[in-house]
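Below is one structure, written out as structure tokens; the observations come after it.
Excluded from the calculations below are hydrogen atoms, water molecules and symmetry mates; all remaining heavy atoms, backbone and side chain alike, are included.
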Amino acid sequence: MLFLRMINTVFFPCDTDGNTTAVDCYGRPLTSFSFIRSPTVVSLNLSETKILQLRQHALSGVPNLETLEIKGNCQPGDLRALEDRSCKMEIHDDAFKRLLKLKYLYLSGNSLTTIPWLPESLMVLDLQFNNIFNILQPLNTPNLQILHLNSNCFYVNPCNQSFNISERVFRELPKLKILTLGYNNFSAIPKGLPPSLERLDLKENRITEVLEYAFANLTLLNDLNLEWNCQRCDHAARPCFPCPGNLPLGLNPHSFYETLCKLAGVLFWPLENLKGLDLSDNLLAYTIRNGTIFAELKGLTWISLIYNYEPLWTFREMILSPYFGNMSNLQRLLLTGNFFHTLSLESLDIVSKLQNLKVLELRMNFINTCNMTSLKRSTSLINIDLSQNMLNFHPCCSSPSFQIGQQEKRLALFENNVSQIPSLLDFKKKFCNGKLLLDLSQNDILSINNNMFVGMENAVCLNLSYNYMNQALKSGLFKNMKKLVVLILSYNRLDFYYKDALSELKETLKVLDVSGNEFHFQMRGMGHRFEFLQNLTNLEFLSLANNGIGMRIDHRLISRSLKYLYFSGNHLDIMWDSDNKYTHFFQNLTNLTFLDISDNHLASITPEVLVNLPGSIETLSISNNLLKYFPWQNISALANLCHLNLSQNFLYYLPHTVIEFGVDFSLLDLSHNHLTNIPEGFFRMATSLHYLYLSHNQIKALNHQFLPAPFKNGSALQKLTLHANPFKCDCDTSWFADFLRTTPVQIPYLTTDVHCDYPESQQGVSVLSMDQRSCQDIYGGLAFVVCSFFAVAFTVLPLLKHLYGWDLWYCLQVLWAGHKGYSQLAGRDSQYRHDAFVVFDTQNRAVRDWVYNELMVILENTGHRRFSLCLEERDWIPGLSCIENLHNAVYNSAKTVFVLSSGATGGERVTGVIRQAFFMVQQRLLDEKVDAAILVLLDEMFPKLKYLELRKRLCRKSVLSWPRNPRAQPLFWNQMRMALSSDNLRSYDNNMSESFI
């Protein structure tokens with residue numbers, strides 16, 4: 001099921017496309033799906049879930065459903081898992097009654113015993129792997145085109161009776177085209193088969209007789225499978241049930257005297273449109289030799305007669321019935337497993353008459369000789385498979401052992417691989433499709449000589465893998481094969497020492513596979529050379545994989561044409577650890593675009609090795625090694641690099657520096673490593689990165705504030721894998737779930753395999769199940785408690801202060817005094833030499849006169865408490881520097897009195913001594929936590945400095961102004977005495993203190 005790139009979690013944990021039309025719940029541990037309710041849903045997959053009950057109105061929430069899959073929820077018989085032995089699937093008879101638009105219904109693997117009511121709109125019905133083996137009532141589905149009933153009654157899912165379908169069932173299926181009834185214990189071909197059938201599958205039943213007119217009305221049938229009915233049990237790989245007396249299938253007496261060994265010619269005559277016929281595993285050895293059934297199969301395009309050998313007998317030669325020549329449209333003839341030593345000349349003549357024959361499969365037949373020249377007459381043949389035989393010196397025409405159908409299927413899988421790494425199979429398709437393919441693999445060929453390919457001159461592809469060839473390749477072995485493009489010599493014992501090896505193919509050969517020839521490379525002391533590669537001027541693909549190459553070879557590979565090199569399964573760890581002899585091993589492959597050096601036991605790659613790789617490389621695979629270090633800073637040397645595969649290594653960190661990836665760099669595979677985090681700047685220059693694989697690592701979390709560039713909106717990233725990482729799921733990472741829900745990047749297995757691992761309570765839970773609102777609830781509750789506390793405090797405390805403020809203050813003062821105790825005020829017994837150091841502008845006569853005639857007289861000579869003052873002009877020690885005297889005066893005095901007066905211009909006048917003294921007082925406050933400053937302002941017009949304003953608010957008692965009214969002067973001197981006697985810190989305003997109270 002296909003989905004858009006942005007995931008829709010409206011039906012989480014099920015996947016949903018952006019339009020909410022397709023919902024995929026495959027493999028989820030669901031027991032119900034009542035949360036899926038939407039009229040837009042047209043496709044629903046509930047396969048491999050825990051849903052075992054479908055009630056009458058269970059699907060009422062999806063009335064427009066067109067496709068419904070409920071497969072494998074309760075497998076029958078021995079197919080059932082041990083933990084599900086007691087499961088039972090129950091579907092209400094009217095469960096699908098409201099689905100009037102349902103077209104595709106898949107109910108296989110549910111152990112159903114009855115068929116529920118089905119809507120008339122149904123076109124495809126899948127009931128395989130159930131316990132349905134007696135169908136008597138019509139299905140009421142006149143539009144049904146495909147019906148699958150395979151595997152409802154066989155050895156894994158026994159029913160102990162023959163499968164039975166009433167003729168009434170088929171009578172009401174006028175549009176049925178495909179009917180599969182294999183593995184169902186049928187004892188006879190069902191009667192009343194609808195004439196609309198185009199494909200009929202009856203394989204592996206117990207049909208003992210095919211009546212003369214069994215297929216009389218199936219005029220549209222083009223594909224019939226009767227494989228393995230009268231089963232042969234001599235080499236059966238699974239439970240086998242032969243026909244009574246171990247006889248082949250019997251026919252009606254009116255079909256002459258023939259049995260399944262000799263099928264009657266009139267048996268298939270009504271099937272004029274038959275295109276495919278599978279009669280494999282039916283003991284038809286003699287029918288192949290002289291049967292008449294092939295006379296009327298003129299429209300047949302493929303026929304399978306594999307494994308029809310006569311038990312305990314191998315024919316000297318294969319003789320084909322002369323009626324094979326009547327199948328003029330035949331394109332594929334499969335004769336594998338019929339056990340003969342050679343094809344007779346008569347049979348080769350018959351094959352040559354099949355002008356449309358493209359595929360001839362003769363595998364596993366014990367063939368030891370074959371007339372290649374005769375087969376050459378079949379000009380239409382492009383795929384002749386003679387692998388797995390006993391050919392040695394005179395092989396016939398052959399082709400690669402892969403089949404076209406299998407090839408296309410594997411290529412489909414390859415196309416889904418975004419890394420676009422080509423394989424040998426892709427080059428086979430590119431160069432061999434529609435050309436003559438010769439497969440001599442898995443035979444008894446001991447050596448190659450130029451006479452053995454007579455008749456193969458037009459071959460484009462040749463497969464000689466898995467033989468016993470033990471020789472050194474020399475020039476001239478393939479001199480007659482002027483068109484050879486693909487040569488497969490893998491898994492032999494070939495030696496490539498000679499420089500002129502394969503030189504006769506230098507104009508045509510493009511694909512060479514010599515992998516798996518490690519025999520000579522493992523010999524101690526034996527040298528090896530690859531100089532022959534220089535002569536193959538058109539070679540594009542070379543596989544040297546799995547050869548164990550590690551020493552005693554050329555220091556460089558040289559080729560100007562080679563584009564793809566497979567060097568996996570060797571020992572670059574030895575080569576690149578041998579005094580830099582092989583540092584330039586790949587450098588002279590000047591046109592190389594793909595290099596695979598996986599599985600080479602590499603623990604690290606040095607910067608020298610990386611920068612000496614060919615600059616033309618676009619794809620580099622270093623997977624499945626032991627890498628703990630990779631020189632990321634040197635990757636800029638590979639300016640054309642697009643794809644880098646470092647999967648299945650031991651990388652545990654990425655550098656925090658910005659890496660200069662190329663402008664075309666689009667894929668990085670770091671899966672199956674030990675990475676714990678992704679640095680923010682690492683991908684900053686990877687602006688073209690489309691695919692990033694980080695699955696199977698140790699990543700626990702990503703930093704929301706320092707998100708790597710590919711994860712940010714607007715990046716070029718299209719696909720990201722994150723599954724199988726131990727993600728941390730808590731409130732700090734709850735944003736990650738929202739990121740995964742909203743990102744436009746495709747993330748495979750997001751709803752199934754991206755799980756939490758920490759904390760332990762969330763282990764195994766999907767990351768998408770994290771809800772930020774739950775974290776908001778936690779923080780919201782805490783915020784409510786805190787806010788409530790402050791609201792009550794700010795309401796109650798002012799009220800208490802208003803009502804009982806003085807009482808509380810008095811109690812606190814008493815308690816504080818009891819806790820703190822009493823301390824002696826600074827006086828004669830104080831640790832300080834002077835009570836105060838008076839700092840003033842000695843150049844200002846008015847200030848000078850006030851200090852000497854007022855301040856000094858009043859404080860030193862009058863009053864109950866007489867203070868010891870320190871004056872610059874009187875008490876400083878001659879001979880000491882000014883700064884030393886200043887320091888001693890400040891630190892040897894309990895207080896420092898600053899006498900300030902405005903200058904002549906009206907601005908403040910602060911001398912250097914006053915400024916330095918102020919700094920020392922401030923430093924003393926920081927060091928000793930002693931506030932010793934007292935400021936005396938002689939002028940009312942003194943400028944309002946910020947410090948003075950702040951000082952007045954903080955400690956008003958330490959800022960005094962000289963009154964102009966003589967009557968107020970005694971109050972000034974009283975305040976001065978109090979300021980000199982008390983601690984400034986205790987006079988600080990409570991509103992400016994650090995604590996709340």
**L446 side, atom CG; Y468 side, atom OH - distance, nearest 0.5 Å** = 9.0 Å
**Prompt:** Any ion pair linking R238 and E204 (charged N to carboxylate O, less than 4.0 Å)?
**Reply:** yes
**Item:** Passing candidate, side chain to side chain contact (heavy atoms under 4.5 Å, CB included) with I303, options D278, L334, L277
**Value:** L277
**Complete:** Exactly one candidate in V486, L544, L487, L562 meets side chain to side chain contact (heavy atoms under 4.5 Å, CB included) with L512; the answer is L487
**Request:** Applying ring-ring contact (aromatic ring centres under 6.0 Å, His included), run through F366 and Y309 and close with a yes or a no.
**Result:** CA-CA 12 Å; F366 302 103; Y309 62 90; 9.1 Å; no
**Message:** Evaluate W228 against C240 for side-chain contact (heavy atoms from CB on, under 4.5 Å), listing each step before the verdict.
**Reply:** CA-CA 10 Å; W228 222 40; C240 182; 4.1 Å; yes
**Message:** Set out, in order, the CA-CA distance, both residues' side-chain angles and the distance that settles ring-ring contact (aromatic ring centres under 6.0 Å, His included) for H555 and Y582, then state yes or no.
**Reply:** CA-CA 5 Å; H555 291 175; Y582 295 101; 5.2 Å; yes
**Request:** Taking atom types as modelled, find out whether D426 and S423 have a side-chain donor-acceptor pair closer than 3.5 angstrom.
**Result:** yes
**Prompt:** Would you find a donor on one side and an acceptor on the other, under 3.5 Å apart, between the side chain of S347 and the backbone of L320?
**Reply:** yes
**Prompt:** Does some side-chain heavy atom of L424 sit less than 4.5 Å from a side-chain heavy atom of I488?
**Reply:** yes
**Under 3.5 Å: donor-acceptor pair, side chain of D513, backbone of S515** = yes
**Request:** Could you walk me through whether Y564 and F427 pass the ring-ring contact (aromatic ring centres under 6.0 Å, His included) test, one step at a time?
**Result:** CA-CA 10 Å; Y564 301 89; F427 286 92; 4.9 Å; yes
**Item:** Nearest heavy atoms of N588 and L557, plus distance in Å
**Value:** CB-O, 3.4 Å
**Minimum side-chain heavy-atom gap N282-N229 below 4.5 Å** = yes
**Prompt:** Got M481 and M456 here, is their nearest side-chain heavy-atom distance under 4.5 Å?
**Reply:** yes
**Heavy-atom closest contact (R363 atom, D385 atom, distance)** = CD-OD2, 3.0 Å
**Asked** Is a side-chain N or O of T301 found less than 3.5 angstrom from the main chain of K275, in a donor-acceptor match?
**Response** yes
**Message:** Looking at N365 and L335, would you say the former's side chain and the latter's main chain have a donor-acceptor pair under 3.5 Å?
**Reply:** yes
**Prompt:** Checking side-chain hydrogen bond (donor to acceptor under 3.5 Å, both in side chains) for the pair E518/N547: CA distance, chi angles, key distance, verdict?
**Reply:** CA-CA 4 Å; E518 72 279 3; N547 279 313; over 6 Å; no
**Side chains of T342 and F315 in contact at under 4.5 Å (non-hydrogen atoms)** = no
**Request:** Please work out whether the ring planes of F530 and F521 are parallel, tilted or perpendicular, with thresholds of 30° and 60°.
**Result:** parallel
**Asked** Is the number of heavy atoms from other residues, nucleotides or ligands under 6.0 Å of F431 CZ greater than 12?
**Response** yes
**Prompt:** How about S475 and S503: does a side-chain donor come under 3.5 Å of a side-chain acceptor?
**Reply:** yes
**Request:** Run the numbers on I448 and L464 for side-chain contact (heavy atoms from CB on, under 4.5 Å), then give the verdict.
**Result:** CA-CA 10 Å; I448 304 173; L464 291 169; 4.1 Å; yes
**Asked** Should the pair F567 and F586 be assigned to parallel (<30°), tilted (30 to 60°) or perpendicular (>60°) ring geometry?
**Response** perpendicular
**Prompt:** Would you say the side chain of L462 lies within less than 4.5 Å of the side chain of F478, judging by non-hydrogen atoms?
**Reply:** yes
**Smallest separation among heavy atoms of R289 and E317, with atom names** = NH1-O, 3.3 Å
**Asked** Which atom names give the shortest non-hydrogen contact between I549 and M575, and what distance separates them?
**Response** O-SD, 4.0 Å
**Asked** How long is the span from the CH2 atom in W302 to the CG atom in D223, to the nearest 0.5 Å?
**Response** 5.5 Å
**Message:** Using a 3.5 Å distance criterion without hydrogens, assess whether the side chain of S561 forms a donor-acceptor pair with backbone atoms of E540.
**Reply:** no
**Message:** Taking D554 first and then R529, would you say they form a salt bridge - that is, a charged N and a carboxylate O separated by under 4.0 Å?
**Reply:** no
**Message:** When you compare the side chains of H520 and D495, does any donor N or O come within less than 3.5 Å of an acceptor on the partner?
**Reply:** no
**Request:** Tell me, yes or no, whether the heavy-atom count around M469 atom CE, taken from other residues, nucleotides or ligands under 6.0 Å, exceeds 12.
**Result:** yes
**Message:** Looking at F324, I want to see if its CZ is surrounded by more than 12 non-hydrogen atoms of other residues, nucleotides or ligands under 6.0 Å.
**Reply:** yes
**Message:** Closer than 3.5 angstrom, by distance alone: can the side chain of T537 be matched with the main-chain N or O of K506 as a donor-acceptor pair?
**Reply:** yes
**Request:** Would you confirm whether N329, through its side chain, and K298, through its main-chain N or O, come within 3.5 Å as a donor-acceptor pair?
**Result:** yes
**Asked** What are the two closest heavy atoms between L484 and T508, and how far apart are they?
**Response** O-OG1, 2.7 Å
**Request:** Count the heavy atoms of every other residue, nucleotide or ligand shown that sit under 6.0 Å from OH of Y497, and state whether that count exceeds 12.
**Result:** no
**Complete:** Those residues at least two apart in sequence (or on a different chain) that pass side-chain hydrogen bond (donor to acceptor under 3.5 Å, both in side chains) with S304 are none
**Asked** Taking C-beta and beyond as the side chain, do P311 and W313 meet within less than 4.5 Å on heavy atoms?
**Response** no
**Prompt:** For Y498, is the NZ or CZ atom of K474 found under 6.0 angstrom from the centre of its six-membered ring and inside 45 degrees of the ring axis?
**Reply:** yes
**Request:** For the pair L589 and L565, evaluate side-chain contact (heavy atoms from CB on, under 4.5 Å) and give the outcome as yes or no after the intermediate values.
**Result:** CA-CA 9 Å; L589 304 175; L565 174 59; 3.6 Å; yes
**Item:** Residues in ring-ring contact (aromatic ring centres under 6.0 Å, His included) contact with Y307, at least two apart in sequence or another chain
**Value:** none
**Request:** Using atom types as modelled and distance alone, determine if a side-chain donor or acceptor of Q471 lies under 3.5 Å from a backbone N or O of L494.
**Result:** no
**Asked** Is the backbone of S647 close enough, under 3.5 Å, to the side chain of N649 for a donor and an acceptor to pair up by distance?
**Response** yes
**Prompt:** Under 3.5 Å, is there a donor-acceptor pair linking the side chains of T336 and E361?
**Reply:** yes
**Prompt:** Say you draw a straight line from CG of L627 to CG of L602; how long is it, rounded to the nearest 0.5 Å?
**Reply:** 6.0 Å
**Asked** Checking side-chain contact (heavy atoms from CB on, under 4.5 Å) for the pair F453/N480: CA distance, chi angles, key distance, verdict?
**Response** CA-CA 7 Å; F453 300 113; N480 295 324; 5.6 Å; no
**Prompt:** Would N640 and E618 count as having a side-chain donor-acceptor pair, cut-off 3.5 Å?
**Reply:** no
**Request:** Check for a donor-acceptor pair, side chain of N308 on one end and backbone N or O of N338 on the other, with a separation under 3.5 Å.
**Result:** no
**Heavy-atom closest contact (I288 atom, M318 atom, distance)** = CG2-SD, 4.2 Å
**Minimum side-chain heavy-atom gap L381-L357 below 4.5 Å** = yes
**Prompt:** Should we count NZ of K203 as having more than 12 external heavy atoms under 6.0 Å?
**Reply:** yes
**Prompt:** In Å, rounded to the nearest 0.5 Å, how long is the span from CD1 of I382 to CG of L360?
**Reply:** 12.0 Å
**Message:** Quick one, N492 and F519 - any side-chain contact, counting heavy atoms below 4.5 Å?
**Reply:** no
